[in-house]
Amino acid sequence: QVHLVESGGGLVQAGGSLKLSCAASVNIRGLNVMGWYRQAPGKQRELVASITHSGITNYADSVKGRFTISRDNAKNTVALQMNNLKPEDTAVYYCNFNDYSGVYGLGDYWGQGTQVTVSS
């Protein structure tokens with residue numbers, strides 16, 4: 001029912017930029033939260049950034065000032081602009097859809113992930 005597809009990952013040198021995109025198969029208008037998470041080898045999955053239906057954002061301290069999350073409800077997409085990338089940003093990045101209002105089943109939905117590798 002709900003499918004999320006990430007794109008835009010790749011290999012970049014430290015200090016470079018990358019933009020990730022997430023396309024949802026459903027209408028994302030309504031009460032929900034879209035987010036980006038990441039998981040590095042040997043580490044737990046962590047929240048990178050999130051954005052509500054009304055545009056309220058939240059960022060992990062490690063990415064504040066460098067990353068920007070945005071959403072386009074008309075196109076059912078969410079983006080993550082990543083600037084001044086660091087080697088510690090290397091991880092698999094996952095798109096998340098938190099359907100807390102229950103329109104599509106009251107729960108979390110995840111994309112397949114896209115690899116971001118930052119070299120020094």
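The analysis underlying the following values was restricted to heavy atoms, covering all of them including side chains, and did not include hydrogens, waters or symmetry mates. Just so it is clear, the structure is predicted and the values come from calculations on it, not from any experiment.
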Would you say Val33 and His53 make side-chain contact, with heavy atoms under 4.5 Å?
no
Strictly distance-based, threshold 3.5 Å: is any side-chain N or O of Ser101 a donor or acceptor partner for the main-chain N or O of Leu31?
yes
What pair of heavy atoms forms the shortest contact from Gly10 to Leu18, and how long is it?
N-CD2, 3.8 Å
Taking Asn98 for the side chain and Asn32 for the main chain, is one N or O donor matched with an acceptor at less than 3.5 Å?
no
Which distance, rounded to the nearest 0.5 Å, do you find between the OG of Ser120 and the CG of Leu85?
13.0 Å
Do any N or O atoms from the side chain of Thr77 and from the backbone of Ala24 form a donor-acceptor pair under 3.5 angstrom?
no
Distance col, row Thr90:OG1 vs Leu11:CG, nearest 0.5 angstrom, shows 8.5 Å
With a sphere of 6.0 Å drawn around CD of Gln13, does it hold more than 12 non-hydrogen atoms of other residues, nucleotides or ligands?
no
So, the side chain of Ser17 versus the backbone of Asn83: is there a donor-acceptor pair under 3.5 Å, distance only?
no
Is the shortest side-chain heavy-atom distance between Val116 and Leu20 below 4.5 Å?
yes
When rounded to the nearest 0.5 angstrom, what distance separates CG in Asn58 from CD1 in Ile69?
9.5 Å
Between Asp61 and Lys64, does at least one N-O distance fall below 4.0 Å, as a salt bridge requires?
yes
In Å, rounded to the nearest 0.5 Å, how long is the span from CD of Glu88 to CZ of Arg38?
8.0 Å
Identify the two heavy atoms, one from Arg29 and one from Asn73, that lie closest to each other, and give their separation to 0.1 Å.
CZ-O, 3.6 Å
Transitive ILVMFWY side-chain link Trp110 to Val2, under 4.5 Å:
no
Supply the atom-to-atom distance Tyr109 OH to Cys95 SG, rounded to the nearest 0.5 angstrom.
13.5 Å
Tell me the closest heavy-atom pair linking Glu6 and Tyr93, and the distance in Å.
OE2-O, 3.9 Å
Got a donor-acceptor contact below 3.5 angstrom from the Tyr104 side chain to the Asn27 backbone?
yes
Starting from Phe67, can I reach Val12 by hopping between I/L/V/M/F/W/Y residues whose side chains sit under 4.5 Å apart?
yes
Set out, in order, the CA-CA distance, both residues' side-chain angles and the distance that settles side chain to side chain contact (heavy atoms under 4.5 Å, CB included) for Arg45 and Val92, then state yes or no.
CA-CA 9 Å; Arg45 185 176 298 182; Val92 176; over 6 Å; no
In Å and rounded to the nearest 0.5 Å, what is the CD1 to CZ distance from Ile51 to Arg71?
6.0 Å
Please find the pair of heavy atoms, one from Gln112 and one from Leu4, that lie closest to each other, and give the distance.
OE1-O, 3.4 Å
Cys22 to Trp36 - nearest heavy-atom pair and separation
CB-CZ2, 3.6 Å
Any sub-3.5 Å donor-acceptor pair from Asn96's side-chain atoms to Gly35's backbone N or O?
no
Of all the heavy-atom pairs spanning Gln1 and His3, show the shortest one and how long it is.
N-NE2, 3.6 Å
